[in-house]
Amino acid sequence: MDSGQATYDYRYDANLAEEIELKWQARWEKDGTYHAPNPSGPLADSTGRIDLPKLFIMDMFPYPSGTGLHVGHPLGFIGTDVYARYKRMTGHNVLHTMGYDAFGLPAEEHARQTGQHPRENTNANISNMRKQLKRLGLGHDPRRSISTTDLDYYKWTQWIFLQLFNSWYDTDLKQARPIKELEIKLEEGSIVLEENRQWSSYSDQRKKEIVNSFRLAYLAEAPVNWCPALGTVLANEEVTVDGRSERGNHPVYRRPLKQWMMRITAYADRLLEDLESLDWTEAIKSMQRNWIGKSEGAVINFTAEGITVPVFTTRPDTIFGATYLVLAPEHPLVDSLHQTDWPDGIDSRWTGGFEDPRSAIEAYRTNANQKSDLDRQENKDKTGVFLGSYAKVPVTGEKIPIFISDYVLMGYGTGAIMAVPGQDERDWEFAEVFGLDIIRTVQPPTDWDGKAYIGDGPAINSDFLNGLSITEAKQTIIRWLEDNSGGSRKTSYKLRDWLFSRQRYWGEPFPVVYDKDGLPNPVPEEMLPVELPELIDWAPRSLDENSDPEPPLGRAKDWASTILDLGNGPKEYIRELNTMPQWAGSCWYYLRYLDPFNSKEFVSEDVEKYWMSGETGGVDLYVGGVEHAVLHLLYSRFWHKVLFDLGHVSTPEPFQRLYNQGYIQAAAYQDERGMYVDAAEVSEDGRKFFYQDNEVQRSFGKMGKSLKNSVTPDEMYEEYGADTLRLYEMFMGPLDQDRPWETKSVVGSQRLIQRVWRNLVNEETGEITVSDSEPDETLNRLLHQTIDSVNNDMNNLRFNTAIARITELNNEITKLESPTPKAIAEPLVLLLAPLTPHIAEELWEKLGHETSVVYAKFPVPDEMLLVEEEVEIPIQINGKVKSKIKVDSNATDETLQEKALADKKIESLLGLNDPKKIIVISGKLVNIVL
RNA sequence: GCCCGGGUGGCGGAAUCGGCAGACGCGGGGGAUUCAAAAUCCCUUUCCCUUCGGGGAGUGCGGGUUCAAGUCCCGCCCCGGGCACCA
C-alpha cells in the first residue's frame, strides 16, 4: 500500500486470516475447547455437557505418510468437523478426535528406502500430520488421539487377540464362548468328537491340539499368498485379481505355510444378516454381501470306484440333467478315481491325445498350474480330460463320466460339480466341446432360442420332480436325498478365514509363545504388552519364489527365546516371530478413543455404554473412503461381534451410520510424449492448454506426485487461509461425490468471507460496524428462511447448499446502505461458525461475546417468518408459464383462479377460447388448460 | 456378463413430495470507481430466432402416463465403480 490512498489494514486477506486463525487455534488448545467429557473416569468433567445427548462422530483414521497432505486428503475430515460443530451448537456432547494407523507395510517400505528406523520415521510423520491438521482448525479432542503403534495401544490389541485365542464359536448358541466352556463340554461328553471315544482317552498333547483347532484364532497349514518381494504372506483381500500384491504390484505365489488364522467364517451369517440394520450405502452393503458370497444348496454324494464324491450345487433340482462330473484338477480324489487305461472306443476329444489317463491328468495339471490367474480369467475356453471312470447318480443309478477341468475351483464348495448343461452356461460350453449329453430339466418358454436355460419353469425329464417349479423341486429333491443318504442341504460361502500372520517387523507382536511340544501358549494378560524388540537389522530380506518367509523378529535372538513362568514354573519358550497385519490396529481404535487412559481395561463398561448406545448402536457417524468397503469394515465388524459375544461391548455392530466421502480429483496434463507436466504451470486459452508454449492434453485423476498435480493445504493457507480452504472444499459439491479441484475457483469462497467481514467490520479501523436498529421485514424473513434451510442442510450433510443459502443472505446484506443490524449480524456469524470457525470466533468476540462461539446456540427459525405474506404465483397455459401474479399467501383457490383469469396478459392470450379445465395448486401455481 | 452409482449451461453444481429448470459459485461480457491498474460495487450471462414487444427449443436418446415430467413407467445409449468360470 504505497499509493497514499485509503489503506485497508483490516481487510480480510491471507495475512489477516492467518493472524485470526493462529490466535484462535492457540486459544482453543489452551482452553481445551473441544474436550468431550466422559460419564466417569479421568475424562469426566464439570462442564455439564455430559447431560446432553451424545454423538460419536469419526473419520477413518489416516496412515501417516511421509509425503504430507494434499488438499484432497482432508475433505472428509472437514466434513465431519463441520457436522460436529453444528451438533455442538445444537446441544450435543460431541466426541470427535483423530488417530493414526501407523503400523504396516508402507512405514516399513519407507524406512527400508531411507534407512531410518520405522518408529522414528512414523513419529516424525505423525507429528507433521498433526501440525498440518491443526492448521485446518479441526475441532478434535486432542487427549483422545491415539496411534496404533503406541505401546499402551497395542497392548490392548494383543489383549483382544487373546480374547479370540481363548474363545470358540458355539454353533448351537451362534456366538463366541470362552474356550473353557468347550473344555468342560468335552470332558462332560456333551460334545463328542469320535463315536465311542472318551475325552479322557486322548493324550494331553492331543487334547491341546484338538482344543486349539476350535479357537477363533488358530494355527493352520494352509495355502497362502506368498509375496517374496515384500517378504511376507498376504491376505486374500490384499491380492489383486491378477495375482499381484495390492501394495507394490509384486507377484504373489500360492504355497502352503503354517499361519495364524482368524475364524471369521463362523460369523458369515451374522455379518450378512446384520447388514440390514445398518445405515450404510447399498453399494457398500452389496460389496460385503458379495464378498461373503453365501449360496444355499445341497451337497450330493455321487459314488465312483467305491468312493464317495461329494458335490456342491445350488440347483439340486436339476440332478436328472446331470450328464457328467467335473473335479478341480488339484482335487485330492483324482488320484484314487482315475483308471489305468482308457475304455475301448473312447472319444478322442476326451483323452487330450494321451496314452492313458495318468499321463493325461499329469499333463493337464502341469498346464493348469502354469496358467496364471489372468490367463484363466481371460481365456475361458473349456478344457479338461476324462479320468476313465464313471460315477453313479444317486436318484437314477445312471453312470456318468468324470472329468477334471480348471473351470472348477478347488477353493469353493467341495471342489467338484455335477454338470448340468441344460441349465448352466458353463456346463453347456464344456458339453459342446466334449460332445456330452445335454438334458433339459426345466421347460424353457416357448420362444426360447438360447442354449442353457437358467430361468424358472416346470421341471421336465425329472421323474418325480416333473411339473414342479425350481423352488418346489429343490425342496422335494433335498428331502429325497436326505431320506436316501444321497446328500443333504448345505450352504456355501466365498468368505475364507482371515490370514493373520505377517513376516514383518513393523507390526504388533503376537502374545504367543511355543513350548517344547511346539504348541502355542498365550502370554497371560498381566504380562502384556509383548513389546517389539529394538532391532538394528529390521529390514526384510529380498527373497525369491522358492525361499521360505523369514520373519525379521527371528533376528532378535535374545527376544525370540525367553524364560517365562506360565503357571508351571519358569521354562524356556520360543516367541511367535510373525507380527499382526495392519488391519489389527484399525479393527478397534474407535473403542480406545472412548477411554484412552484406561490402564485396567481396553475401555470401561460405563464409558463404552455411554458413547456406543443408539438405535442399533455403534459410532453415530463414520466417514471415510469407499476403498475400505470390504477389508477394514468387515474385519472390524467381526472383532466387534466377538467382543460383543464375550460381553466386552454392548452393541452387535461398531458403526451405525457409514458415509463415504467422494474424492477430490485434479486436472493433469501430458505433453506429446505422454509425460506429465507440472499442472500449476499450465495455461489455458479457452479451448486448449499450454505448457511452456507447447500444447498439452488434459485428463483428470487422483492428486499426487505421479500426475504432477498436487495442491497442498499450505499453498492455500499462504494465499487464502484455512477458513477459505474449508469453505471451498465444502462448497464444491455434495460430500459423497467426486469433484475436480479448481484452484482458480477458491477465490469465490474467500470473497464470501471477505464480504461478511466487510459487512460487519470497518476495513480501515478493524472496528465492528453493526447497528442496533431493527432489520426491515424482508431481510428478517430472508434471515429466518436461511436459518431454516441451513439447519436442514447441516443435518443432511448438504454443506454446499447451506453455503449457497448463507451467500444469498449475505448478498442481501451487502446491498444495504446502512450498517448491518446486529439482529442480522449475530445469527449470520452463528450460521457460519461450523464452516469457518476462526473468523466466526473473531467476529463473535468483536460483537461483544466473551464465550466461544463453539458452544453458542445455533439459530432456530421463527416459524411465523417462514411464510411469506405475499407470494408470486406462476400462471400456466397448457403447462407453460405465461404470466405471474402476486397474491396474499393464504389466498383461497377461488381467489387464485379469479385473479389468474383477470390477469391482463392471460386475458389477451385466452381471447375467445374457453378454458377446458383450470388446475389450482394452493399457494403454488395455476394451470389453465385450453 | 451381473450388481451398484451417475448423465442438467463454458465449468463445479441447485431444483428429488410430479408444480416457475439452471439457486449459489467459477469463468465470460458490459458498466461505475481510478491518472491507470489491482481491489471493490452494480448489471448481464442455457441455446436459437427477434421488428427488442417477444417467440421457439431445452435436463443422454426413443416412447409412454399426466392438466403438468430433470423428477414416475417401458425400451435403449454413454460414463464411473464393484464382482466375475463361486457350481
Side-chain angles (χ1 to χ4, degrees), chain A residues 1 3 5 8 11 13 241 281-291 293-295 297 311-316 318 326 328 376-377 379-382 405-409 411-420 423-427 429-430 492-494 626-627 629-630 660 684 686-687 727-728 731-734 736-749 751-752 754-755 758 763 789 798 800-808 810-811 814-815 872-884 915-930:
Chain A
M1 298 291 163
S3 63
Q5 293 179 21
Y8 298 113
R11 167 156 292 178
D13 58 14
V241 278
T281 61
E282 210 34 55
I284 300 279
K285 286 189 188 181
S286 79
M287 279 189 239
Q288 292 222 344
R289 283 190 200 109
N290 215 316
W291 189 264
K294 178 178 183 169
S295 45
V311 151
F312 177 71
T313 177
T314 53
R315 292 293 304 276
T318 61
V326 187
R376 270 200 180 197
Q377 218 181 95
N379 187 3
K380 290 183 179 172
D381 294 343
K382 295 290 177 285
S405 172
D406 63 3
Y407 85 94
V408 173
L409 310 172
Y412 184 76
T414 61
I417 62 158
M418 64 173 198
V420 188
Q423 272 78 231
D424 186 290
E425 284 165 5
R426 297 152 303 182
D427 296 343
E429 279 176 40
F430 191 90
S492 268
Y493 300 89
K494 280 197 255 180
V626 70
E627 74 273 18
V630 253
N660 297 110
E684 185 184 350
R687 310 194 81 179
L727 195 62
Y728 174 65
F731 183 61
M732 288 165 83
D736 57 357
Q737 202 168 298
D738 293 349
R739 73 288 305 265
W741 177 268
E742 242 188 8
T743 297
K744 71 170 188 194
S745 295
V746 179
V747 68
S749 296
R751 288 207 267 248
L752 170 61
Q754 239 169 20
R755 284 179 194 144
R758 199 178 294 123
E763 290 187 300
S789 309
R798 305 285 305 259
N800 55 331
T801 47
I803 295 166
R805 296 288 86 81
I806 294 171
T807 308
E808 280 175 305
N810 190 56
N811 285 348
T814 306
K815 286 179 191 151
E872 202 181 39
I873 302 286
I875 303 166
Q876 301 179 331
I877 293 180
N878 289 338
K880 299 206 167 177
V881 180
K882 293 293 176 184
S883 183
K884 286 176 184 182
K916 265 195 208 137
K917 198 171 170 185
I918 300 173
I919 287 121
V920 180
I921 309 293
S922 305
K924 280 203 169 156
L925 159 147
V926 178
N927 189 12
I928 300 164
V929 186
L930 290 181

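Computed from a predicted structure; not experimentally measured. Sequence lines set the chain letters: A, B, ... in the order given, protein chains first and strands last, and positions in each chain run from 1.
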A/Lys494 charged N/C atom sitting above A/Tyr412 aromatic ring, 6.0 Å / 45°: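 No, A/Lys494 and A/Tyr412 do not form such a contact.
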Contact nearer the 5' end of RNA chain B, comparing A/Ile928 with A/Ser286: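 Of the two residues, A/Ser286 wins.
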Residue closer to the 5' end of RNA chain B, A/Gln754 versus A/Asn927 (nearest nucleotide):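 Result of the comparison: A/Gln754.
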Taking only side-chain N and O atoms of [X], does any of them lie within less than 4.0 angstrom of OP1 or OP2 on [N]?
{"X": "A/Lys917", "N": "B/rC67", "result": "yes"}
{"X": "A/Arg755", "N": "B/rC41", "result": "yes"}
{"X": "A/Asn800", "N": "B/rA14", "result": "yes"}
{"X": "A/Gln737", "N": "B/rG13", "result": "yes"}
{"X": "A/Ser405", "N": "B/rC85", "result": "no"}
{"X": "A/Arg739", "N": "B/rC26", "result": "no"}
{"X": "A/Asn811", "N": "B/rG25", "result": "yes"}

Could you work out which one of [options] sits closest to the side chain of [X]?
{"X": "A/Phe731", "options": "B/rC20, B/rA23, B/rC24", "value": "B/rC24"}
{"X": "A/Thr313", "options": "B/rC42, B/rA87, B/rC26", "value": "B/rA87"}
{"X": "A/Pro734", "options": "B/rG13, B/rA87, B/rA23", "value": "B/rG13"}
{"X": "A/Arg758", "options": "B/rC41, B/rC20, B/rA87", "value": "B/rC41"}
{"X": "A/Asp406", "options": "B/rC83, B/rC85, B/rA15", "value": "B/rC85"}
{"X": "A/Lys880", "options": "B/rC20, B/rA87, B/rA57", "value": "B/rA57"}
{"X": "A/Leu925", "options": "B/rG56, B/rG12, B/rG19", "value": "B/rG19"}
{"X": "A/Arg751", "options": "B/rA87, B/rG27, B/rG19", "value": "B/rG27"}
{"X": "A/Ser295", "options": "B/rA15, B/rG82, B/rA87", "value": "B/rA87"}
{"X": "A/Thr807", "options": "B/rC24, B/rA21, B/rG12", "value": "B/rC24"}

[X] side, atom [atom1]; [Y] side, atom [atom2] - distance, nearest 0.5 Å:
{"X": "A/Met287", "Y": "A/Lys285", "atom1": "CE", "atom2": "NZ", "value": "13.5 Å"}
{"X": "A/Ile928", "Y": "A/Lys917", "atom1": "CD1", "atom2": "NZ", "value": "14.0 Å"}
{"X": "A/Thr281", "Y": "A/Asn660", "atom1": "OG1", "atom2": "CG", "value": "5.0 Å"}

What integer number of Å spans the [atom1] atoms of [N] and [M]?
{"N": "B/rG60", "M": "B/rC79", "atom1": "P", "value": "16 Å"}
{"N": "B/rU71", "M": "B/rG18", "atom1": "P", "value": "11 Å"}
{"N": "B/rG58", "M": "B/rG5", "atom1": "C1'", "value": "26 Å"}
{"N": "B/rG9", "M": "B/rU59", "atom1": "C1'", "value": "10 Å"}
{"N": "B/rA15", "M": "B/rG70", "atom1": "C1'", "value": "9 Å"}
{"N": "B/rG54", "M": "B/rA36", "atom1": "P", "value": "37 Å"}
{"N": "B/rG29", "M": "B/rC35", "atom1": "C1'", "value": "25 Å"}
{"N": "B/rU44", "M": "B/rG10", "atom1": "C1'", "value": "16 Å"}

Just the rounded figure in Å: distance from [atom2] of [N] to [atom1] of [X].
{"X": "A/Ile918", "N": "B/rA68", "atom1": "CD1", "atom2": "P", "value": "15 Å"}
{"X": "A/Glu742", "N": "B/rG28", "atom1": "CD", "atom2": "P", "value": "12 Å"}
{"X": "A/Asn660", "N": "B/rC4", "atom1": "CG", "atom2": "C1'", "value": "12 Å"}
{"X": "A/Asp738", "N": "B/rG7", "atom1": "CG", "atom2": "P", "value": "13 Å"}
{"X": "A/Tyr728", "N": "B/rC24", "atom1": "OH", "atom2": "C1'", "value": "14 Å"}
{"X": "A/Ile284", "N": "B/rC3", "atom1": "CD1", "atom2": "P", "value": "19 Å"}
{"X": "A/Gln288", "N": "B/rG82", "atom1": "CD", "atom2": "C1'", "value": "13 Å"}
{"X": "A/Glu425", "N": "B/rC2", "atom1": "CD", "atom2": "P", "value": "10 Å"}

Atom of A/Phe731, atom of A/Ile803 and distance for their closest heavy-atom approach: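 What the structure gives for the nearest pair is CD1-CG2, 3.6 Å.
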A/Phe312 versus A/Thr414, closest heavy-atom pair with distance: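 Looking at all heavy atoms of both residues, the shortest contact is N-OG1, 3.3 Å.
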Is a donor-acceptor pair below 3.5 Å formed from side chain [X] to base [N], judging by atom type as modelled?
{"X": "A/Lys815", "N": "B/rC42", "result": "no"}
{"X": "A/Asn290", "N": "B/rC83", "result": "no"}
{"X": "A/Lys382", "N": "B/rC85", "result": "yes"}

Tell me which nucleotide, if any, is Watson-Crick or G-U wobble paired with [N] when both distances must be under 3.5 Å.
{"N": "B/rC76", "value": "B/rG60"}
{"N": "B/rG10", "value": "B/rC26"}
{"N": "B/rG53", "value": "none"}
{"N": "B/rG1", "value": "B/rC83"}
{"N": "B/rU16", "value": "none"}

Touch class at under 4.0 angstrom, heavy-atom based, for A/Lys924 against every strand present: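 Counting heavy atoms under 4.0 Å across all strands, the contact made by A/Lys924 is with sugar-phosphate only.
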Sugar-phosphate, base or nothing in reach of A/Arg289, heavy atoms under 4.0 Å: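 No contact.
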Student check: side-chain heavy atoms of A/Leu925 and A/Gln876 closer than 4.5 Å: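 Side chain of A/Leu925 against side chain of A/Gln876, heavy atoms only: contact under 4.5 Å found.
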A/Arg739 side chain to A/Pro734 backbone, donor-acceptor under 3.5 Å: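 Looks like yes, one N/O pair under 3.5 Å.
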Any donor-acceptor N/O pair, A/Asn927 side chain to A/Ile919 backbone, under 3.5 Å: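 No; zero donor-acceptor contacts below 3.5 Å.
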Glycosidic conformation of B/rG6, taking syn as within 90° of 0 and anti otherwise: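 Here the answer is anti: the torsion falls beyond 90° from 0.
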Chi-based syn or anti call at B/rG53, which uses purine or pyrimidine torsion atoms and a 90° bound: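 B/rG53: syn.
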Sub-6.0 Å ring centroid separation between A/Tyr728 and A/Trp741: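 When the ring centroids of A/Tyr728 and A/Trp741 are compared, they turn out to be within the sub-6.0 Å range.
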